[in-house]
Trainee: 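Dropping a structure here in structure tokens format, bear with me for questions.
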Protein chains: 2
Amino acid sequence: MTRDEILEAAAQIFSQKGFHATSMQDIAQAVRLQKASLYHHVSSKQEILLAVLDQAMAMLIARMQQVMAQPTPPDVKLRQAMEAYLTTMLEHRDLAAVLLLEHRSLQPEFQARHFPRRDRFERLWRDLIQDGVDQGVFDCRDPSMSGRALLGVLNWTITWYRPEGALAAETISHLFADLFLQGLLKR
Amino acid sequence: MTRDEILEAAAQIFSQKGFHATSMQDIAQAVRLQKASLYHHVSSKQEILLAVLDQAMAMLIARMQQVMAQPTPPDVKLRQAMEAYLTTMLEHRDLAAVLLLEHRSLQPEFQARHFPRRDRFERLWRDLIQDGVDQGVFDCRDPSMSGRALLGVLNWTITWYRPEGALAAETISHLFADLFLQGLLKR
DNA sequence: GATACCCTACCGAACGGTCGGTCGGCAATA
DNA sequence: TATTGCCGACCGACCGTTCGGTAGGGTATC
């Protein structure tokens, strides 16, 4: 039994029942250990949550920076970023769900460590949109608010997406990208 | 002390700390009662949650049906619906936050009662978009997915909006409506 | 080859504390 | 006298965490 296996199991149960509704007993049972044995690998339940959050952020940041670093036109880059973000999230739904919905269960000292990382990540999106505006490709009154809208569309997906559903992550990301770039109105 | 005051206080604390992190003690303290006294007004903690969810749904449905019932062009109606939804949500942030984020803390029997109502509500949005497509005002490949995107933008607002921020609910709703209808691309 | 030692992984039992919820009774009102 | 609203005391269950101990494999010493 490794620490990573424990984190993975914990993420799965956290994403299903929520952090506070999950007991150390639940996690121990999932990895077929006694709950006392968990403390050989982790120091507290809060530490598990923080580690899961860190893992999720690291994965998303790595995947996004690949896209962001390319010298691509803003509209194409936005499409790529959306696809990268959505596919990564939906491939690791447990991690993503915990990241997006359970961060408020962190104790304050850990939140202080986590929030700056998250803010830096969200700024990537805002900057991407701002670039598009500066280069005359995008037209929008409030780039910061457009960024929030975009993250809303993408993040909310975690609340309704089911892998057995008909649509693949790529398909969804294309539909969302078309909608977000072209708008709903007929032209 | 009335039942409604208890529900209101509970909603506020639920929205702040989450359902499972909130104790009956917390709620009692907020309304300056002893914990035992709460049970004179409500039958269980779960019942409080269900009541709060019901209240939130009822409020949103009432407000939305006013807009939906009008014989207005789909694009205008969509703008109005977005504004109605967002202003109602942000005026009653506690209720809305519990509705959107805590429904999974409901015990299964109560979820079975709640989810159909929520699904019916979400179908209102999808139908509105479908109407727009049928009337040739909207252009979209997958109305159901556009509805999900729209609800994502709107619902996610509850996670970042702070009333002391610069933007009023109406302003935000107008920005989102422009973005959603026209798209981000310059034309 | 036998002995002593240590380390990793694990477990059973128990800790203090908090949880949601119950119960009998008190005081005010009608 | 009956009812309503409230409270103090209490319950069993479960919580996260700690502790002492153990099984087993490696490893250095004799």
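A note on names: the letters A, B, ... follow the listed sequences, proteins ahead of strands, and every chain is numbered from 1.
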Trainee: Give the rounded distance in Å between these two atoms: CD of B/Gln107 and C1' of C/dG20.
Mentor: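 Interatomic distance, CD of B/Gln107 to C1' of C/dG20: 12 Å.
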Trainee: Does a distance-only test, which skips hydrogens and angles, find a donor-acceptor pair under 3.5 Å between the side chain of B/Lys35 and the base of C/dG20?
Mentor: yes
Trainee: B/Lys17 NZ to C/dC19 C1': how many Å, rounded?
Mentor: 13 Å
Trainee: When you measure from the side chain of A/Ser44, which nucleotide among D/dC6, D/dT17, C/dG20 comes out closest?
Mentor: D/dT17
Trainee: Hey, is the side chain of B/Gln34 poking within less than 4.0 Å of OP1 or OP2 on D/dG8, counting only N and O atoms?
Mentor: yes
Trainee: Kindly confirm or rule out a cation-pi arrangement of B/Lys45 over B/Tyr39, judged by NZ or CZ under 6.0 Å from the six-membered ring centre and within 45° of its axis?
Mentor: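 Checked: cation-pi criterion not met.
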Trainee: Round to the nearest Å and state the distance from B/Lys45 atom NZ to C/dG21 atom P.
Mentor: 8 Å
Trainee: Let me know the distance between CG of A/Leu33 and P of C/dT8, rounded to the nearest Å.
Mentor: 17 Å
Trainee: Select one nucleotide: of C/dC11, D/dC7, D/dT17, the one nearest the side-chain heavy atoms of A/Ser37.
Mentor: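 Of the candidates, C/dC11 comes closest.
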Trainee: Using OP1 and OP2 only, check whether a side-chain N or O of A/His40 sits under 4.0 Å from C/dA9.
Mentor: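 It does, given that an N or O in the side chain of A/His40 lies less than 4.0 Å from OP1 or OP2 of C/dA9.
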Trainee: Atom CD of A/Gln25 and atom P of C/dA13: how far apart are they, to the nearest Å?
Mentor: 14 Å
Trainee: Return the nearest nucleotide to the side chain of A/Ala36; candidates are C/dT8, D/dT17, D/dT18.
Mentor: D/dT18
Trainee: Compute whether any side-chain donor of one residue and acceptor of the other, for B/Asp134 and B/Gln130, lie under 3.5 angstrom apart.
Mentor: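 Indeed, the side chains of B/Asp134 and B/Gln130 share at least one donor-acceptor pair under 3.5 Å.
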Trainee: Can a donor-acceptor pair be found between the side chains of B/His174 and B/Glu83 at a distance below 3.5 Å?
Mentor: yes
Trainee: Between atom CD1 in B/Ile13 and atom P in C/dC19, what is the gap in whole Å?
Mentor: 12 Å
Trainee: Regarding B/Thr2, tell me which of base, sugar-phosphate or nothing describes its non-hydrogen contacts under 4.0 Å with the strands shown.
Mentor: nothing
Trainee: So, is the end of the A/Arg118 side chain (NZ or CZ) under 6.0 Å from the ring centre of A/Phe115 and within 45° of the ring's axis?
Mentor: yes
Trainee: Using the side-chain heavy atoms of B/His41, tell me which of these nucleotides is nearest: D/dC6, C/dG21, D/dG8.
Mentor: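 Selected nucleotide: D/dC6.
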Trainee: Identify whether NZ of Lys or CZ of Arg in B/Arg148 sits under 6.0 Å from the centre of the six-membered ring of A/Trp160 and within 45° of that ring's axis.
Mentor: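 So B/Arg148 does make the cation-pi contact.
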Trainee: In terms of side-chain heavy atoms of A/Met24, which of D/dG16, C/dG21, D/dC7 is nearest?
Mentor: D/dG16
Trainee: Whole angstroms only, please: what is the OH-P distance between B/Tyr39 and C/dG25?
Mentor: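 Computing the B/Tyr39:OH to C/dG25:P distance gives 22 Å.
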Trainee: Starting from the 5' end of DNA chain C, give me the residue, A/Arg32 or B/Ser43, whose nearest nucleotide shows up first.
Mentor: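 The residue closer to the strand's 5' end, by nearest nucleotide, is A/Arg32.
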Trainee: Looking at the side chain of B/Ser23, which of D/dG16, C/dC19, D/dT17 is the nearest nucleotide?
Mentor: C/dC19
Trainee: Rounded off to whole Å, could you give me the CZ-to-C1' distance for the A/Arg3 and C/dT8 pair?
Mentor: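 It works out to 16 Å between those atoms.
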